[in-house]
Participant: 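Quick one: the structure is below, questions incoming.
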2 protein chains.
Amino acid sequence: MADGSTPRRTRPSKAERREEILAAATRVFGSKGYHAGSLVDVAEQVGITHAGVLHHFGSKDKLLWAVLEYRDRVDVEHLEGQHIPGGLDLFRHLMTTARINADRRGIVQAYSVLTGESVTDGHPAAAWVTERFTVLRGEIATALLQVALERGVALEEARARSAASAVIGVMDGLQVQWLLDPDAVDLAQETAFAIEAILAAVLAGPAAPRVVPAG
Amino acid sequence: MADGSTPRRTRPSKAERREEILAAATRVFGSKGYHAGSLVDVAEQVGITHAGVLHHFGSKDKLLWAVLEYRDRVDVEHLEGQHIPGGLDLFRHLMTTARINADRRGIVQAYSVLTGESVTDGHPAAAWVTERFTVLRGEIATALLQVALERGVALEEARARSAASAVIGVMDGLQVQWLLDPDAVDLAQETAFAIEAILAAVLAGPAAPRVVPAG
DNA sequence: CGCTACTTACTTACCTGTCAGTAACTGTGC
DNA sequence: GCACAGTTACTGACAGGTAAGTAAGTAGCG
C-alpha cells in the first residue's frame, strides 16, 4: 500500500499520480463541494503542492471534468462483463445499489453534493449531471416498457418516462435525507419500497383507480 | 415598487431594509448557493455596500440563518387562516404545490441549491434542512395514517414513515431533474404520478403482491 | 444633540493560475 | 555501464483577484 505521508523511494508513474489526484479530488469535491473544495485541499491529500496538481490537470475545471470522466470509467469497469441489466433485473439492481450505498457514505455524498451544486447558475458540472439523468431516464424507461410488454400491460412511452423520472428522483431525494439524518431514513428499505410502489402503479395501468381524485 | 438603482427620497426603515436584504439574499443564495454567493452580490441588489449588509446582520452565517427563518415565516404567513391540510388533502396540496412551483423556478432553485449544499461537511444550513425534513416526514406520515384509518386499511407507523420519506424524496429529486432539464421532466405531472403511486402502495397494504420478488 | 444607517478604507485570509528553477527520471550513443 | 541530453514532475514564490469582517468617520433624522 502506498504511503502518502513519508516520501516514497520511487516517484509514481504519471498514470498512478493522476489516479491519486483524481481519488483525492473526488473526496474533496465530494465532501466540500466543487466551489468550496480547493486545489490546496486536493494537493495536501496527495502530498504535493497545488501547483503540482495544476501541472497534471491544467485547471480546476479540467480537474472536475476528469473526476467526472473517472467516475464514469470506474463505474463502467465495475459493471464490465456483467451486462447492464434490463427488465425487472434493472430494478433489482437499483435496490441492490441502494443497499450497498448505505455502507458507502462518501460516494453517496459526493454524488449528492455535486448534483445539488450543479443546479447553481453556470456550474461546470451541469452538463454532465444533465446527461447522466437523460441516460438513466432512458434506460429505466426502456426496462419499464420491457416489463410491461412481458406482462401484457399497455404502457405509453410518456408514462414510462414519468415513472423513470420518479424512480431516479426518489433515489436521489432519499439519499439527501439519509445523508442528513441516517437514523431517520433507512436508505435501502425506503428505496425498495418506493421503486416497488412506482413499478406497481405503472403495471396496474392507467385505468387503475386513483387514490387522490383529480382536483 | 421600490427602485433599487436610483436613490430614494426617504431612507427605508430598519425593518424594511432588513426585508429588502433578506429578499436579495434569498435570490443570491438561491441562484449561486451560499458559499458562492457573496455579500457584495447581496448588497448590490439593495444598492448599498457589503459593509452595510453586515451592519444589519453581523455576519454571513447570521444572514443565512435569517434568510431561513424568513422563509419559514413567509411560508407560515402564506398558509395563515387556511389550516395545514391533513389526510388526503395534504397530498392534494403537495400536488398543487408542485404545479405552482413549475412557474416559480427561482424558489425551487433556492430550495434545491440550499438542500444540496447542506450535505457538505459542516454546512451552516444542515441543521435547518434536517429539521425541515423531520417535520415534513412527521406531517406526511400522520396524514397517511389518517387516510389509512378512514379507509380501514392496516398501516404500521414505520411503513407510513417510509412512504413519507419517499414522497419528500421524489418531490425533491424531481425538482433537481426539472431544474436541469425542464423539457425532459413535467414537474407537476411526474410529482402527481409518484405521489399517487406511493399512496396506492401504502393503501394496498403490506400483503399486496410484490412486483419485484425478494432477492 | 445623539442615534442610526450607512460608507470608505482597510486587514486578513484564501484561491486560482503562472512562471522560473530544480531534481529526478529516461533514452541514446558509445 | 556510463556520461550526457532531454523530458517530466514537481516546488516555491508570486501575481491578481475576491472574500469576510472591522473600524473610523459621516450624513440624515428625531
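Note: hydrogens, waters and symmetry copies are ignored here, and every other heavy atom, side chains too, is used. Within every chain, numbering begins at 1; the chains are lettered A, B, ... in the order of the sequence lines, protein sequences first and strands thereafter.
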Participant: Going through the distances and angles, do A:Asp181 and B:Arg137 end up as a salt bridge (charged side-chain N to carboxylate O under 4.0 Å, His left out)?
Facilitator: CA-CA 12 Å; A:Asp181 201 347; B:Arg137 273 194 297 263; 3.7 Å; yes
Participant: Measure from the side-chain heavy atoms of A:Lys60 and tell me the nearest of C:dG17, D:dT11, D:dA20.
Facilitator: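 Nearest to the side chain of A:Lys60 among the choices is C:dG17.
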Participant: Expressed in angstrom and rounded to an integer, what is the separation of A:His35 atom NE2 from D:dG17 atom P?
Facilitator: 17 Å
Participant: Within the 3.5 Å criterion, strictly below it, is a donor on A:Gln177 or B:Asp172 matched to an acceptor on the partner's side chain?
Facilitator: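 Note: A:Gln177 and B:Asp172 side chains miss the donor-acceptor criterion.
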Participant: Check this one for me: any side-chain N or O of A:Arg17 less than 4.0 Å away from OP1 or OP2 of D:dC10?
Facilitator: yes
Participant: Look at the side chain of B:Ile48 and decide which nucleotide, out of D:dC10, C:dT7, D:dG21, has an atom nearest to it.
Facilitator: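 It is C:dT7.
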Participant: Within the structure, does a side-chain N or O atom of B:Arg18 lie under 4.0 Å from either OP1 or OP2 of C:dA5?
Facilitator: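 No, outside the criterion.
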Participant: At less than 4.0 Å, is any side-chain N or O atom of A:Thr49 found next to OP1 or OP2 of D:dG12? Yes or no.
Facilitator: no
Participant: Got A:Thr191 and A:Asp186 here, is their nearest side-chain heavy-atom distance under 4.5 Å?
Facilitator: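 A side-chain contact under 4.5 Å is absent here.
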Participant: Tell me what A:Leu54 touches on the nucleic acid: a base, only sugar-phosphate, or nothing, going by heavy atoms under 4.0 Å.
Facilitator: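 Counting heavy atoms under 4.0 Å across all strands, the contact made by A:Leu54 includes a base.
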Participant: Round to the nearest Å and state the distance from B:His50 atom NE2 to C:dC10 atom P.
Facilitator: 14 Å
Participant: Tell me whether A:Asp41 is salt-bridged to A:Lys32, with the criterion being a basic N under 4.0 Å from an acidic carboxylate O.
Facilitator: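 The answer is yes: the pair qualifies as a salt bridge.
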Participant: Measure from CD on B:Glu16 to P on C:dC6 and round the result to the nearest Å.
Facilitator: 11 Å
Participant: Is it true that the side chains of B:Trp128 and B:Asp72 contain a donor and an acceptor less than 3.5 Å apart?
Facilitator: yes
Participant: Of all the nucleotides listed (C:dG17, D:dA19, D:dG21), which has the minimum atom distance to the side chain of B:Ser59?
Facilitator: D:dG21
Participant: Starting from C1' on D:dT22, measure out to CZ on B:Phe57 and report it in whole angstrom.
Facilitator: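 B:Phe57 atom CZ is separated from D:dT22 atom C1' by 19 Å.
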Participant: Starting at CZ of A:Phe29 and ending at C1' of C:dT16, how long is that distance when rounded to a whole Å?
Facilitator: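 Nearest whole value for this atom pair: 12 Å.
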Participant: Is the shortest side-chain N/O distance from A:His56 to OP1 or OP2 of D:dC10 below 4.0 Å?
Facilitator: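 So the side-chain polar atoms of A:His56 do come within 4.0 Å of the phosphate oxygens OP1 or OP2 of D:dC10, strictly under.
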Participant: Rounded to whole Å, how long is the line connecting atom CG of A:Leu64 with atom P of C:dG17?
Facilitator: 12 Å
Participant: Determine: side-chain N/O of A:His55 to OP1/OP2 of D:dC10, distance under 4.0 Å, yes or no.
Facilitator: no
Participant: Which comes earlier along DNA chain C counting from the 5' end, the contact point of A:Ala36 or that of A:Ala51, where each point is its nearest nucleotide?
Facilitator: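 It is A:Ala36, whose closest nucleotide lies nearer the 5' terminus.
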Participant: Starting at atom CG of B:Asp61, determine the distance to atom C1' of D:dA20, rounded to an integer number of angstrom.
Facilitator: 11 Å
Participant: State which of D:dA9, C:dG17, C:dA9 makes the closest approach to the side chain of A:Lys14.
Facilitator: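 Looking only at heavy atoms from C-beta outward on A:Lys14, the closest nucleotide is D:dA9.
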Participant: To the nearest Å, how far apart are A:Glu44 CD and D:dT11 C1'?
Facilitator: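 So the two atoms are 15 Å apart, to the nearest Å.
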Participant: Which nucleotide sits closest to the side chain of B:Leu39: D:dG21, C:dG17, C:dC15?
Facilitator: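 For the B:Leu39 side chain, the nearest candidate turns out to be D:dG21.
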